[in-house]
Amino acid sequence: MRVSVSVVLACLWAGSVSAEDLQPVGSFDRIPNETERSVALFEEMLKVIEHPRCLNCHPVGDRPTQGDDMRPHMPPVVRGDAGFGAEGMMCSTCHGTENVAFVTGDGSIPGHEPWHLAPKSMGWVGLSGADICTQLKDPERNGGRDLAAIHEHMAEDGLVGWGWHPGPGREPAPGSQEAFGQIVQAWIDTGAACPEN
């Protein structure tokens, strides 16, 4: 796929993440070995998976983090039974259906319907790329998803997509959900190989 200079400049001018942040799928064609190409594609996926927009809601414990610096969530909240917060302090207490800009100062309260944490079995903070990859493909931990359902979740789910539209005061995830979905599909098509570490 060829992209014109004017398109790239228009995206940069619009405040999008630079084109270098996610490589286009075609750039991996230079890797002749399919398994090595698959691993390289997963490592490209990690640019998004390991970004604060994803990690904040994929904690290994019961408390989410927030912001680009992944500081402890304030006010202090906990996961609750289903990842929607504890009784009396559900995620929806503060997080509505859309981002809401602060009335005073810069920033915003993120929003999406529904707003919740990933299952504890899908906690990524502190895990290696190999561990995340293995976990991601494990139906026992990923909510019973096969590879097609993993692609659908990453390429089409609105809460995942929020990571590219996080509102004022937050850096968006690299690239776009569409570009990320293409990388995920190419990873699947090349055997969904995992890195060694």
Would you say [X] has more than 12 foreign heavy atoms packed within less than 6.0 Å of its [atom1]?
X: D69; atom1: CG; result: yes
X: N197; atom1: CG; result: no
X: E43; atom1: CD; result: yes
X: H73; atom1: NE2; result: yes
X: D81; atom1: CG; result: no

Smallest separation among heavy atoms of [X] and [Y], with atom names:
X: P174; Y: K47; result: CG-O, 3.5 Å
X: A40; Y: I31; result: CB-CD1, 3.6 Å
X: G167; Y: S108; result: C-OG, 3.6 Å
X: G181; Y: A155; result: CA-CB, 3.7 Å
X: C54; Y: V48; result: SG-O, 3.3 Å
X: P114; Y: F84; result: CB-CE2, 3.8 Å

request  = Quick one: do L136 and M45 satisfy side chain to side chain contact (heavy atoms under 4.5 Å, CB included)? Show the steps, please.
outcome  = CA-CA 12 Å; L136 191 63; M45 288 167 54; 4.3 Å; yes
Polar contact flag, side-chain donor to acceptor under 3.5 angstrom, [X]-[Y]:
X: R141; Y: T134; answer: no
X: E171; Y: H51; answer: yes
X: Q135; Y: W124; answer: yes

inquiry  = Are V100 and W164 linked, directly or through intermediate hydrophobic residues, by side-chain heavy-atom contacts shorter than 4.5 Å (ILVMFWY only)?
reply    =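 The answer is no; the residues belong to distinct hydrophobic clusters.
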Could you tell me if the side chain of [Y] sits less than 4.5 Å from the side chain of [X], heavy atoms only?
X: P76; Y: R63; value: yes
X: L55; Y: M70; value: yes
X: P64; Y: V77; value: yes
X: C133; Y: P195; value: yes
X: P59; Y: L117; value: yes
X: W187; Y: V39; value: no
X: N99; Y: I109; value: no
X: H116; Y: S92; value: no

Point-to-point distance, once rounded to the nearest 0.5 Å, from [atom1] of [X] to [atom2] of [Y]:
X: E50; Y: L127; atom1: CD; atom2: CG; value: 9.5 Å
X: I183; Y: L22; atom1: CD1; atom2: CG; value: 4.5 Å
X: E44; Y: I49; atom1: CD; atom2: CD1; value: 11.0 Å
X: R145; Y: D138; atom1: CZ; atom2: CG; value: 13.0 Å
X: N56; Y: D68; atom1: CG; atom2: CG; value: 8.0 Å
X: D189; Y: S38; atom1: CG; atom2: OG; value: 9.0 Å

Does [X] use its side chain to pair, donor to acceptor, with the backbone of [Y] at less than 3.5 Å?
X: Q177; Y: M154; answer: yes
X: H58; Y: V125; answer: no
X: H95; Y: P110; answer: yes
X: Q66; Y: M74; answer: yes

Test log, rule side chain to side chain contact (heavy atoms under 4.5 Å, CB included), inputs M122 and N142 = CA-CA 6 Å; M122 288 302 292; N142 73 14; 3.9 Å; yes
task = Applying side chain to side chain contact (heavy atoms under 4.5 Å, CB included), run through T65 and R71 and close with a yes or a no.
result = CA-CA 5 Å; T65 54; R71 64 192 175 278; over 6 Å; no
task = Hey, can you tell me if W162 and W115 have their rings parallel, tilted or perpendicular (30° and 60° cut-offs)?
result =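 Rings of W162 and W115: perpendicular, over 60°.
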inquiry  = salt bridge (charged side-chain N to carboxylate O under 4.0 Å, His left out) for K120 and D62? Distances and angles first, verdict last.
reply    = CA-CA 8 Å; K120 195 170 189 175; D62 287 323; 3.4 Å; yes
task = List the steps and the verdict of side chain to side chain contact (heavy atoms under 4.5 Å, CB included) for R170 and R53.
result = CA-CA 8 Å; R170 283 174 204 83; R53 293 297 72 76; 3.9 Å; yes
